[in-house]
There are 2 protein chains.
Amino acid sequence: MPRIVVDVMPKPEILDPQGKAIAGALQRLGQTGFSEVRQGKRFELTVEGEVTQEILEQARHAATTLLSNPVIEDVTRVEVIVDATIGAGE
Amino acid sequence: MPRIVVDVMPKPEILDPQGKAIAGALQRLGQTGFSEVRQGKRFELTVEGEVTQEILEQARHAATTLLSNPVIEDVTRVEVIVDATIGAGE
């Protein structure tokens with residue numbers, strides 16, 4: 001069944017304490033190749049039947065109203081995947 | 001600067017209460033085209049300089065040891081992105 005992937009990341013100007021903690025942990029573990037880590041969210045919405053333009057519009061609307069907080073987060077992707085292959089996107 | 005994206009999703013057989021809550025909210029909001037929602041995590045690791053094979057190996061190792069809990073989560077992607085374009089992957 002097709003799925004719509006929505007990626008949400010903290011805005012670049014927003015401090016990301018979880019990402020900072022991970023970056024610190026990587027340093028302590030001796031993995032020093034990374035200068036910054038940021039943590040966001042990834043949602044997979046499974047679609048009943050076919051992905052119509054209307055469904056995609058619903059997903060985009062949900063992405064900005066329900067799945068993210070527009071004050072501190074950006075929706076970086078709303079994209080259809082069919083069997084792990086990227087189909088149509090934004 | 002190049003970034004390595006790591007996607008982590010709950011294993012299919014694991015219950016995902018956050019996803020369930022979102023699916024319920026979508027239904028209540030009248031967006032009935034979605035049968036299931038699952039919520040995972042997305043990490044962006046910014047790389048100092050060039051992405052070598054060693055850095056990619058470090059990222060893969062971090063993905064399975066630090067960024068995910070292998071008991072309940074799958075690492076679904078470890079991929080280099082350069083300026084929002086997908087470069088090299090797993």
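We name chains A, B, ... by the order of the sequence lines, and we start the count at 1 in each one. Computed from a prediction, not measured in an experiment: that's the story for all the values here.
Smallest separation of non-hydrogen atoms from B:Gly49 and B:Pro2: O-CG, 3.3 Å.
Cluster membership for B:Val51 and B:Val6, using ILVMFWY side-chain heavy atoms within less than 4.5 angstrom, is shared. No path of Ile, Leu, Val, Met, Phe, Trp and Tyr side chains, each step under 4.5 Å between heavy atoms, connects B:Ile81 with A:Met9, placing them in separate hydrophobic clusters.
Residue B:Asn69 holds its CG atom at 11.0 Å from CG of B:Asp74, rounded to the nearest 0.5 Å. With values rounded to the nearest 0.5 angstrom, A:Lys11 atom NZ is found 11.5 Å from A:Thr76 atom OG1. Rounding to the nearest 0.5 Å places OG1 of A:Thr65 at 13.5 Å from CZ of A:Arg60. A distance of 9.0 Å separates NE2 in A:His61 from CD in A:Glu57, rounded to the nearest 0.5 Å. The distance from the CD atom of B:Glu73 to the CG atom of B:Leu67 is 9.5 Å, given to the nearest 0.5 Å.
A donor-acceptor distance shorter than 3.5 angstrom exists from the side chain of A:Ser68 to the backbone of A:Ala63, with no hydrogens or angles considered.
Residues of residues 14-29 of chain A placed with any heavy atom under 4.5 Å of a heavy atom in chain B are listed by number as A:Ile22, A:Ala25, A:Leu26, A:Leu29. At a heavy-atom separation below 4.5 angstrom, chain A is approached by B:Gly33, B:Phe34, B:Ser35, B:Glu36, B:Val37, B:Arg38, B:Gln39, B:Gly40, B:Lys41, B:Arg42 within residues 33-42 of chain B.
Ranked by non-hydrogen atom pairs under 4.5 Å with chain A, the options B:Thr46, B:Val47, B:Ile4 are led by B:Thr46.
The residues A:Arg77 and A:Glu79 are annotated as salt-bridged, a charged nitrogen and a carboxylate oxygen being separated by less than 4.0 angstrom.
With a 4.5 angstrom heavy-atom cutoff, A:Ile55 touches chain B via backbone and side-chain atoms both. Looking at B:Thr52, there are no atoms closer than 4.5 Å to chain A (heavy atoms on both sides), in backbone or side chain.
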### Task
Evaluate side-chain contact (heavy atoms from CB on, under 4.5 Å) for B:Phe43 paired with B:Val8, printing each intermediate quantity in order.
CA-CA 8 Å; B:Phe43 301 91; B:Val8 173; 3.9 Å; yes
